[in-house]
Amino acid sequence: MNFLAHVHLSADDEQLMIGNFIGDFVKGGSLEGRYAPQIIKGIELHRAIDHYTDNHDVVKASKNRLRPKYRHYSGVIVDMYYDHFLSKNWEAYHHLPLSAFANQFYSLLQSNEHLLPAGVLRMMPYMIRGNWLVNYSKTEGIDRALTGMSRRTTFDSKMDEAAQDLVKNYESFEEEFKLFFPSLKQFSEKWIASN
């Protein structure tokens, strides 16, 4: 899953949200002493969500549809597709309107800049200015995001073409997202309660 899903799956707990959001930017095993306990829990939740997602049969079906063309980038692309469907169908998954949720989260990041890794600090102004979390709801927003990611890859990822494949197989990907996301939400809720 990508940024929107990770933040959403943090149970409206601000410290969990920060940790879950920065998870990909935090390297190394032991986190003790580097962050507050609830932020560490968020980072660990991020890793648990990624592991659960990568090993789920429905997600594998989505990735397999893309694998011949995109190889190991298929997982990154599916994460973006699923954030698109979460954003597009947001009112079914959260009580706040997406624009309000996104603005609250951007404010949370800005007021906690001192906690954020360098990679997040570099990305954050672009994310806020481009209102990524809301613009994921449009295929044009996903296209911009994937094209930007394509420019930053070492190899020819073809991610700049991935929005076309989303449109071509739109119903299949949306159906898979709707099958998968409730189980991920349930997994996250159980993980938070037991850790």
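What you see below is based on every heavy atom in this structure, not just the backbone, and it leaves out hydrogens, waters and symmetry mates. By convention here, the first residue in the shown sequence is residue 1. All figures in this text were calculated on a predicted structure; none of them were measured in a lab.
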Does Arg122, at its CZ atom, have more than 12 non-hydrogen atoms belonging to other residues, nucleotides or ligands within less than 6.0 Å?
no

Distance-only polar pair, side chains of [X] and [Y], donor-acceptor under 3.5 Å:
| X | Y | answer |
| --- | --- | --- |
| Tyr81 | Asp165 | no |
| His46 | Asp50 | yes |
| Gln38 | Asp13 | yes |
| Glu174 | Asn89 | yes |
| Thr53 | Tyr82 | no |

Has [X] got a side-chain atom pairing as donor or acceptor with [Y]'s backbone, closer than 3.5 angstrom?
| X | Y | value |
| --- | --- | --- |
| Ser111 | Ser107 | yes |
| Asn20 | His6 | yes |
| Asp83 | Ala5 | yes |
| Ser87 | Leu133 | yes |
| Asn135 | Gly130 | yes |
| Ser150 | Leu146 | no |
| Lys41 | Leu16 | no |

Consider ring pair (Phe, Tyr, Trp, His ring centres under 6.0 Å). Of His8, His95, His84, which one does Trp90 pass it with?
His8

With ring centroids as reference points, do [X] and [Y] lie under 6.0 angstrom apart?
| X | Y | answer |
| --- | --- | --- |
| Trp191 | Tyr52 | no |
| Tyr93 | Phe181 | yes |
| Phe21 | Phe105 | yes |

Go through Gln15 and Ile18 one step at a time and tell me if the side chain to side chain contact (heavy atoms under 4.5 Å, CB included) criterion holds.
CA-CA 5 Å; Gln15 298 281 288; Ile18 292 170; 4.2 Å; yes

Worked verdict on Phe180 versus Phe85 for side chain to side chain contact (heavy atoms under 4.5 Å, CB included):
CA-CA 11 Å; Phe180 167 67; Phe85 292 116; over 6 Å; no

Could Asp156 and Lys158 be called an ion pair, given the rule that one side-chain N must be under 4.0 Å from one carboxylate O?
yes

Please report the shortest heavy-atom distance between Tyr136 and Ala145, naming the atom on each side.
CE2-CB, 4.4 Å

Where do Lys63 and Gly75 come nearest, in terms of heavy atoms and distance?
CD-CA, 3.4 Å

Verdict with reasoning, His94 to Asp12, per side chain to side chain contact (heavy atoms under 4.5 Å, CB included):
CA-CA 10 Å; His94 202 278; Asp12 290 330; 3.2 Å; yes

Is there a side chain to side chain contact (heavy atoms under 4.5 Å, CB included) between Asn55 and His51? Walk through the geometry before answering.
CA-CA 6 Å; Asn55 291 288; His51 184 265; 3.4 Å; yes

For the residue pair Phe25 and Phe3, categorise the inter-ring angle as parallel (less than 30°), tilted (30 to 60°) or perpendicular (more than 60°).
parallel

